[in-house]
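Throughout, protein chains are lettered first and strands after them, A, B, ... in sequence-line order, and every chain is numbered starting at 1. Quick note: numbers below take in every heavy atom, side chains included, and nothing from hydrogens, waters or symmetry partners.
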2 protein chains.
Amino acid sequence: MTPKTQTETPLPPRERILAAAGELFSKHGVRGVGVEAIADAADTNKMTLYRHFASKDELIAEWVRGIIAQKEAGWEEISAKNPNNPQAQLADWGRRVATTLAEMEGRGSALANALAELPERDHPARRVIEAHKLRQHKRVQKLCEEAGFQDPALAANLFYLLLEGATSCVQCKGLKRIGEDLVELVDRMIANSRNQQQRRL
Amino acid sequence: MTPKTQTETPLPPRERILAAAGELFSKHGVRGVGVEAIADAADTNKMTLYRHFASKDELIAEWVRGIIAQKEAGWEEISAKNPNNPQAQLADWGRRVATTLAEMEGRGSALANALAELPERDHPARRVIEAHKLRQHKRVQKLCEEAGFQDPALAANLFYLLLEGATSCVQCKGLKRIGEDLVELVDRMIANSRNQQQRRL
DNA sequence: CGAGAAAGTTACCGGTCGGTAACATATGGG
DNA sequence: CCCATATGTTACCGACCGGTAACTTTCTCG
């Protein structure tokens, strides 16, 4: 007996809450979802939520940390798959961004949205996101240096603007071929860097 | 008597409300400001606000329409100042975006933020913003065609991604030289288009 | 002056928000 | 078995939200 046929919730409540919060935050924005709705969606209650998270803001921050951890793991994969090949790493990265773009469908980057929704400059989530963006930019810049761009800082900013622009304008439906053109542009950039290297030899 | 020495409010309440709403929306986000705070900041009251605007959402939409009108006026200036010169128009546009960027200080584009804060796909403000972004993209594409880019659609998307990226990543302090590099990149693009034209002659 | 419109004032409505207290229930290990 | 710990349940708090009713003040213009 007690066949456990129903919802099958082997996950501890903390993980369920984080998962439910992630879905709802992505769909309705962090300010558009109340803690009660999150608890309900996680098949638990507000009290348990507050036993695991100090506040809604901390829950948001934790959710953001998870997203960032995924992205950093992506970078690890990239550098593991293309060791000592900055050009290939940049190209791989561009392709991943483009694929992620296609899945976003309508609502844009969760991180960018969170920044827009949390103007308070000392919000825990904001600090985490800003730190991540700076790290990301630094990483691209380092790759651009290794790839032999004549002006690595400029190239890095171009890459970075392309990324930010692409993830930002997914918000607006319409606007065709953004993803494909993104990888096309990244590839051209990389071809350009090869020419610059060659010329310098 | 009645020296009227105080705040000097010659503007009708509707304009005062729109101005106050604009400031507060920009600073705290549309969802972070209540109508009462807006009315107070406009030196009036909630009732008067609701006599001029059907709802808070409509007030937001009206504010957005104002911003868009400004931007469209900017485009009029650009095309008036550089008639029959698509390259110069694009360059001028890049420079204007860069200057605007410097003034944004911290919080990013009001339009992008509004999109992030209003996920409901049929929100009046969202519809207005999306229409404007499509118009903007179309305008850039047309200029790219006239400028003689080999692949005008690709060039237009590059310009557009640069713009969106720049206005988006102002959110994150740090990240130096974004504005300067934006105009540098735009200028290089334009130089590129001239080469392409030349080659085709 | 007097009428009418626009604006200000006060009080209120139902609803939701983030967050907490108090208590009941399960679960699992010594 | 019994106690500690994690979880569930219910009710509640004060604050704020968007929006409205009813009344008063002020101003303009005929």
Practice problem: Looking only at side-chain atoms of Pro13(B), point me to the closest of dA7(C), dG18(D), dT9(D). | Solution: dA7(C)

Exercise. Using the closest heavy atom to pick a nucleotide of DNA chain C for each, name whichever of Gly32(A) or Ala54(A) lands nearer the 5' end.
Key: Gly32(A)

Quiz item: In terms of the nearest nucleotide of DNA chain D, which residue is placed more toward the 5' end: Lys56(B) or Arg51(B)?
Solution: Lys56(B)

Self-check item: Ion pair check, Asp187(B) and Arg95(B), cut-off under 4.0 Å
Solution: yes

Quiz item: To the nearest angstrom, how far is Leu49(B) atom CG from dT20(D) atom C1'?
Solution: 13 Å

Quiz item: Between Asp122(A) and Arg126(A), is there a salt bridge with N-O shorter than 4.0 Å?
Solution: no

Quiz item: To the nearest angstrom, how far is Lys46(B) atom NZ from dC23(D) atom C1'?
Solution: 17 Å

Exercise. Using atom CD of Glu36(B) as one end and atom P of dG19(D) as the other, report the distance to the nearest whole Å.
Key: 13 Å

Self-check item: Whole-Å gap separating P (dG18(D)) and NE2 (His123(B))
Solution: 11 Å

Quiz item: Can you check whether Asn157(A) reaches Val140(A) side chain to side chain, under 4.5 Å on heavy atoms?
Solution: no

Quiz item: Given atom OH of Tyr50(A) and atom P of dG8(D), what is their separation to the nearest angstrom?
Solution: 16 Å

Exercise. Report the residue (His52(A) or Arg31(B)) whose heavy-atom-nearest nucleotide on DNA chain D is the more 5′ of the two.
Key: His52(A)

Quiz item: Does the distance from a Lys or Arg side-chain N to an Asp or Glu carboxylate O, for Arg127(A) and Glu130(A), drop under 4.0 Å?
Solution: no

Self-check item: Nearest-angstrom distance from the residue atom CD of Glu58(A) to C1' of dG18(C)
Solution: 15 Å

Quiz item: Between Met47(A) (CE) and dT5(D) (C1'), how many Å, whole number?
Solution: 15 Å

